[in-house]
Amino acid sequence: MSDTLSTGTVPASAPPPTRPSSRHLAVARLRDLALVPAIVAVAIVGWIISPVFLSTDNVLNVLQSMSEIAILVLAQTIVLITGKMDLSLESTFGLAPGIAAWLVVDPELTRGLGLGLLPDAWAVPVVLLVGALVGAFNGLLIVRFGLNGFIVTLGMLIILRGLLTGISGGQTFFALPGSMTYLGSTSWLGVPASIWVSLLLFAAGIVVLGHTRAGRALYAIGGNADAARAAGIRTDRVLWVALVVASVLAALAGLLISGRLAAVPAAQGDGAIFQVFAAAVIGGVSLNGGRGSVFGAFTGVLLLFMIINVLTLAGVPAQWTNFLNGAVILIALVVSRITGGKAQT
Amino acid sequence: MSDTLSTGTVPASAPPPTRPSSRHLAVARLRDLALVPAIVAVAIVGWIISPVFLSTDNVLNVLQSMSEIAILVLAQTIVLITGKMDLSLESTFGLAPGIAAWLVVDPELTRGLGLGLLPDAWAVPVVLLVGALVGAFNGLLIVRFGLNGFIVTLGMLIILRGLLTGISGGQTFFALPGSMTYLGSTSWLGVPASIWVSLLLFAAGIVVLGHTRAGRALYAIGGNADAARAAGIRTDRVLWVALVVASVLAALAGLLISGRLAAVPAAQGDGAIFQVFAAAVIGGVSLNGGRGSVFGAFTGVLLLFMIINVLTLAGVPAQWTNFLNGAVILIALVVSRITGGKAQT
Amino acid sequence: AGCGDRGAGTGTGGGKPLIGVDYPRSDTDFWNSYIRYVPQSAGQLGVDLKTTNSQNDIANLISNAQTFMSQGVKGVVMAPQDTAAIAPTLAQLESRKIPVVTIDTRPDTGTVFMVVRADNRAYGTKACQFLGTKLGGRGKVVMLQGGLDSINGRDRTEAFSECMGKEFPGIKVFGEATDWKADVAASKLQTRFASDPDIRGVYMQSSFALSGTLQILKQRGLQVPPTDPKHVFVVSNDGIPEELKNIGDGLIDATVSQPADLYARYGLEYAKAAIEGKTFQPGPTDHGSTIIQVRDGLLEDQLPAPLVTLDGAPVAGQPTVKYDDPSLWGRKG
Amino acid sequence: MTTAPHHPGDDDPPVVEAVDITKRFGSTLALSGAGIMVRRGETHALVGRNGAGKSTLVGILTGLQAADGGAVAFDGRPAPPLADRDAWRRRVACVYQKSTIIPTLTVAENLFLNRHARSRAGLIRWSSLRREAQHLLAQWSVDVDVRQPAATLSVEQRQFVEIARALSFGARFIVLDEPTAQLDAAGIDRLFTRIRDLRAQGVTFLFISHHLQEIYDLCDRVTVFRDARHILTAPVAGLSRQALVAAMTGEDVSMPEADHRPPASDAPVLLSVRDLVTGSGARLSMRARAGEVVGIAGGGGSGKVEVAEAVVGLARPVAGSVTLAGRVLRPGSVPDALAAGVGLVPQDRHREGLVPGLSIGENVTMTVPQRVGRYGFISRARRDALARDTIAALTIKASGPQTPVADLSGGNQQKVVMGRALANDPRLLVLITPTAGVDVRSKQTLLGVVEDVRRRGTAVLVVSDELDDLRICDRVLVMFQGRVVAEMAHGWSDNDLVAAMEGVDLHHV
Ligand SMILES: Nc1ncnc2c1ncn2[C@@H]1O[C@H](COP(=O)(O)OP(=O)(O)OP(=O)(O)O)[C@@H](O)[C@H]1O
Ligand SMILES: Nc1ncnc2c1ncn2[C@@H]1O[C@H](COP(=O)(O)OP(=O)(O)OP(=O)(O)O)[C@@H](O)[C@H]1O
Ligand SMILES: [Mg+2]
Ligand SMILES: [Mg+2]
């Protein structure tokens, strides 16, 4: 590379930028925006198919229905950047509000312990606490015992879902306390609170991952854990925190959707992890760690939900919706490979 | 694998093995058999819980009900050893017989094209052909275009499942031709043919992966693809073949279960991939490629199905079965980590 | 006719008969109610139970049936959600002379002693008639379908669409596939409200979408009394306690009460009867249902699945049940 | 040894001839119209600075990569198509710079990969394969059980497995890309003896190394690449060291050692290591004054790297303590060492030195987040300013602080690692094999930096077996089998030091 350009004395002026690296920079900067043209294209197609698509009502609808999954995508992005993955997020998404409901709701009204032990106001802290505990347990197995993250969280996915089925007896928890439904069902300034929450979390994610020591540590660990350790980053602790934060975010997302539905179905989150991975990867987050951005992940999830919305508005036959969803994901992957370089590896 | 079995023919001049390496060898040799004590323990526990457990009837039941998933595990093992993964196997498992049924069965009896284009005898070749095509398409995207295998096959999982839902309208194909039901429903020497088929395939897998250059090439690629290429292995071609073989095996497994059910439900294979991964990893196959054995994978799937059978015999409450399944997988992982070294990373 | 001939008691010698019951799934409210009723009924009927859970997977069901055979059960009660793929298992059980009672679904082929089910097509038709009548034959309704791969869901979808097309051609139906998922149902319903704000009716094929639908109506300010022209008529399906409560509160308008308790009771009763060698003939039964012969050698006891409404007044000439009627299983829980 | 035993006639076609080869990687021009011609029976050296395109040419000469332009011919006939690996392997064998050992497979299988002994049924005969493997390794005195996974081998043993494999093909033309970079002196001797044997049998070698002395010891002719281009090809005998280095760098370079000013004897003791014992039993006790440069020398497996890693907290010692400027460091804690003012250049820059996907700026400031922001936030402007200083001070060739480190050449990457070590103005700078795989010019810069920091009162530990690295030290501790066996003041003779590293004491025999 450029060190072979012989320069006896370093000139005061910086060496003229070589082509390769300046192009690299441009690519890196553009990768974040890689999906914007696609989003615009889908918006136009959607508007042609149904003018309703761009109505405030429908835009809010898209944003609200993606808000919970978007938070899961944010959580997964954090974990992916460190070079791990957390499949169990989809189960935490259901289990955390499920446990809170189980502990709090009145058994007269619906299934639940309702031990009278916990006042309703405790429901939300319990949700977040369950998330934190799941994350800590994942951390114990992955960071402390050195087990493979994919397989640990796969086991946790199954076990946590089983736990929710077990405590709920497979039934839906209804009649949630107001503290649990507030965030998911209220509106601020005419916009559902869950949209605000998800947008704020993404904004925070952009700042933290892009502009703080802790955030950059995630990238360093994902890029080369040994080097990060040698540079004085407490890699184990950071990984642990990342797993806990991701699980707490998943619990929060679960709280939002439980609030929106005013219930915790035993199957809450079932199968969501596929969509979460697809959105993160389409958004340019690398499964090998160290690469990807929170903003990119946001564009990924936005694109996916816009397409699903367009398909619904277009009224595609029910039996073909799954096929089309899959096709959209695959095509988005191939396109992001062609346009954005090695975005998805 | 078996190459670590010491043979007496090593010349006397062999250097005395140094301590660290001899310990390493012992571990490597034992890893294949790591699950055998667990299997024996489960057999004893099962027999205590219900003497029926060891009856011929029940043993055949366990072997038959695991036979199709076992073939999927074999397929996944082949792919994992090369350092890739194929999530779409679970969809191929349903799609391949689904397409054959769709093309062949009489629309008078059940949903299907029954174009009269294909005589019944063509059904089985069509099943295998669909498998091969899916594998080839995966290969195209992964090997040729260099897309990430996890995400490509995740997309394919969704799309192929959607395709089956699309062509079947979500319904079950039944009234399958005799050629499709033969293998899955007949018995040879009093033992269901699907048991024979799966055992034979595993035996073939042990020989091919342990004792042929092609098989060793899979390990070499999984261990270090660049080095394998330098050693003259046509890595792209081998990967491609591995993906195609895995998909064909998945199609064959689908054929067996369709034969056993005499039908192809639209949800055939749904969610099976989790179990497949769990079995392979418990059996000591590494998700990072290059490590694991076919025999180990077999012990993994056998252990899982024995435990499920014991739980069924013990009559655990319905809503806790999922939880127990998950717990079994997680505990098996942790135990195999503690006893077998780094088997699952 | 009636409840069948009391044949000579050639049943099990001495002890209680052993019956294997396979639960189809444990992750829905309805089936969990069933799971809770089965041991109760077994106690009342004096039979011993072996239970398994096939988790909505036909392969598990087959394996579980094998396990029952190994365990030496004398009769099997199952609810195969896949009515085609169960045929080989039925043949195997028949070859071992183990009688089978299927719950909720009717196998496409093969022999069973009795099918105990409520008519899923009737659910769809009842919901259609209720909505069509209440809307006066005009307007738009959304049907939140279940999973495409579920026979019960398909029956409800087909019957509802057929009835709407025939009896209420002025009503436009938006069918939305939801995979039995509450969040999918909620976002599809919301999308429909965005594109067609004048929707006046919702048919949910199961209670899974219940609270999400109510939340959307609340958010859009559509929870108004039926007298208000903005009222959206909501018909649910299952008859779980929460639905009955919501009818009482005026939040939804009707539901179809699936007889979870009767499924448990008569499934076991017919299995026991089969073990004891009794036989049955088509005709009305002693528990308010009718046995019909759906094909040669296949009897089906069609249990009543009443439409539940706030006032219990007949709709479109069909009787309905008041939401607080103590005969409803959702009131006994 | 400078003359080849075979004297090829001028009409004899060269073993390999590459003409006008061009190769691009993305926008990087790795080779631009370069060529080489290797005559039958000679040992031909290929030299050039990091990134000159040597390994790229090796890839093309061995059929691993296709050239974008140009032609390769063996014995005057065009090279076989890329897909025909067997044909390539008949013509040329190679020890690549990047390891081609497969760690998960056994040593035996690595040796015979894709050419396993087979029975008539086509199945592999593991027993005879193991026998052959044992036989092969015995020739190289590599004493390992061939049934163990290659992952358990030491770096040196791995290198010998690579070499043994390459030489066992029976090819008449062998390429060795930096084969000595991982070997100690004894290993290099063994390799050279073997090369000379084979050369006597008429085998041709293409030999790449950054150790110019080896070129003079071993080779007949030398080709120099610079900036992706061919610069010259000449007989080694007629080329002075000066001229060779000038051809490589395009300028005159001399190693820094001339002005040696020892630290003041009253300088305070900064570092004191007391009875340090590492996990595998290596021991070290030492002190270093402010401004002092102390070398720790030793051969492979001497434990020098282990003790150094224990000093900086990368590894947790079993016993002993490290005190820096009166502060006792927490054992096994890198953050604590950093806080106390330790700067580290780790042994392997790829493994521990760099996060390749991140920019120069991020890598350089990774150890000093507090210097580029407050309250956990990072200011890009400050980070880039700091990185720009480093780029200027160490003459890193890059377009700016945003350039990903992965885009830099090896020498410049090593400078980034050095920049990271210097970022916290260390009181103690620990350099572990700081110039491994670095070309002459970059070596000069890196060692020059040491002179700068010692003037500012920093104590420096240089852990290496490279004599050039050790020459800048005020004194050198020599380790052998986990113990310090000798201490040599500045001005030692090469022979004494090498002998001590080999465990031989020349003065007491
Ligand atoms: N696979 C690759 N992708 C991108 N760039 C590459 C690749 N391989 C080599 N390069 C670039 O090509 C140039 C030549 O590299 P090469 O490895 O041939 O150098 P070298 O002379 O062997 O250096 P060294 O002495 O450090 O081994 C360098 O700029 C390098 O970064
Ligand atoms: N992970 C390990 N497990 C067991 N023993 C080890 C390990 N790493 C190193 N050793 C042993 O510790 C001793 C010191 O090894 P080390 O490689 O650190 O020495 P070194 O001086 O750095 O050698 P080199 O110059 O080759 O890098 C050797 O005997 C080596 O075999
Ligand atoms: Mg090189
Ligand atoms: Mg070392």
Side-chain angles (χ1 to χ4, degrees), chain A residues 50-53 55-62 64-66 68-69 109-111 161-162 164-166 168-176 181 184-187 192 257-272 305 308-310 312-313 315-322, chain C residues 23 25-36 53 55 143 145-149 153-154 157 174-197 206-216 218-220 238 240-243 245-246 333:
Chain A
S50 161
V52 167
F53 183 72
S55 69
T56 319
D57 216 19
N58 192 55
V59 169
L60 287 183
N61 167 29
V62 171
Q64 186 175 13
S65 55
M66 72 178 248
E68 299 93 3
I69 297 291
L109 293 171
T110 169
R111 189 183 173 104
R161 166 128 352 268
L164 179 57
T165 312
S168 69
Q171 298 183 35
T172 303
F173 292 110
F174 292 106
L176 304 184
T181 55
S185 61
T186 192
S187 282
I257 197 157
S258 293
R260 181 147 70 91
L261 304 177
V264 189
Q268 181 158 307
D270 200 5
F305 273 81
I308 291 172
N309 185 255
V310 170
T312 308
L313 285 176
V316 297
Q319 73 248 43
W320 290 104
T321 43
N322 279 333
Chain C
Y23 303 132
R25 58 196 305 166
S26 60
D27 55 355
T28 68
D29 294 281
F30 176 76
W31 283 112
N32 273 286
S33 304
Y34 172 73
I35 290 172
R36 273 191 294 138
N53 178 3
Q55 297 170 39
M143 167 170 56
Q145 295 165 216
L148 283 170
D149 49 9
R154 276 202 311 272
T157 302
F174 297 101
E176 307 290 354
T178 67
D179 246 353
W180 303 117
K181 283 191 182 138
D183 54 335
V184 177
S187 67
K188 290 208 166 167
L189 182 61
Q190 210 166 351
T191 303
R192 263 315 142 212
F193 268 115
S195 68
D196 300 85
S206 153
S207 57
F208 74 98
L210 180 64
S211 57
T213 301
L214 292 180
Q215 286 289 104
I216 291 170
K218 192 163 133 200
Q219 199 179 345
R220 302 188 74 90
D238 277 356
I240 62 170
E242 183 75 9
E243 288 171 295
K245 186 169 143 272
N246 288 340

> Picking from A/G269, A/S65, A/A262, which has the most non-hydrogen pairs under 4.5 angstrom with chain C?
Replying inline: A/A262
>> Working to the nearest 0.5 angstrom, can you tell me the gap between A/T172 OG1 and C/I240 CD1?
In response: 6.5 Å
> Which region of A/I257, side chain (C-beta onward) or backbone (N, CA, C, O), has a non-hydrogen atom less than 4.5 Å from a non-hydrogen atom of chain C, or is it both or neither?
Replying inline: side chain
> Which answer fits C/L214, side chain, backbone, both or neither, if we ask what part of it has an atom under 4.5 Å from a heavy atom of chain A?
Replying inline: neither
> So which part of A/T165 gets closer than 4.5 Å to some heavy atom of chain C, the side chain, the backbone, both or neither?
Replying inline: side chain
> Can you name the nearest heavy-atom pair linking C/A186 to A/R260, along with the distance?
Replying inline: CB-NH1, 4.2 Å
> For A/P192, is it the side chain, the backbone, both or neither that has a heavy atom under 4.5 Å from a heavy atom of chain C?
Replying inline: side chain
> Tell me, side chain or backbone of C/F193 under 4.5 Å from chain A's heavy atoms, or both, or neither?
Replying inline: backbone
> How far apart are the closest heavy atoms of C/R220 and A/D57, and which atoms are they?
Replying inline: NH2-OD2, 2.8 Å
> What distance do C/S187 atom OG and A/Q64 atom CD have between them, rounded to the nearest 0.5 Å?
Replying inline: 10.0 Å
> Relative to chain A, which segment of C/K218 carries a heavy atom at a distance below 4.5 Å: side chain, backbone, both, or neither?
Replying inline: neither
> Taking side chain as C-beta onward, heavy atoms only, is C/S211 less than 4.5 Å from A/F174?
Replying inline: yes
>> If I take atom NZ from residue C/K188 and atom CD1 from residue A/I308, how far apart are they, to the nearest 0.5 angstrom?
In response: 8.5 Å
>> For A/V52 versus C/S195, what's the shortest heavy-atom pair and its separation?
In response: CG1-CA, 3.4 Å
>> Less than 4.5 Å to any heavy atom of chain A: does that hold for the side chain of C/R25, its backbone, both, or neither?
In response: neither
>> Heavy-atom cut-off 4.5 Å, strictly under: side chain, backbone, both or neither for C/I216 against chain A?
In response: neither
> Side chain, backbone, both or neither: which part of C/Q190 has a heavy atom under 4.5 Å from chain A?
Replying inline: both
> Nearest heavy-atom pair of A/T312 and C/E176: which atoms, and what distance?
Replying inline: CG2-OE1, 3.9 Å
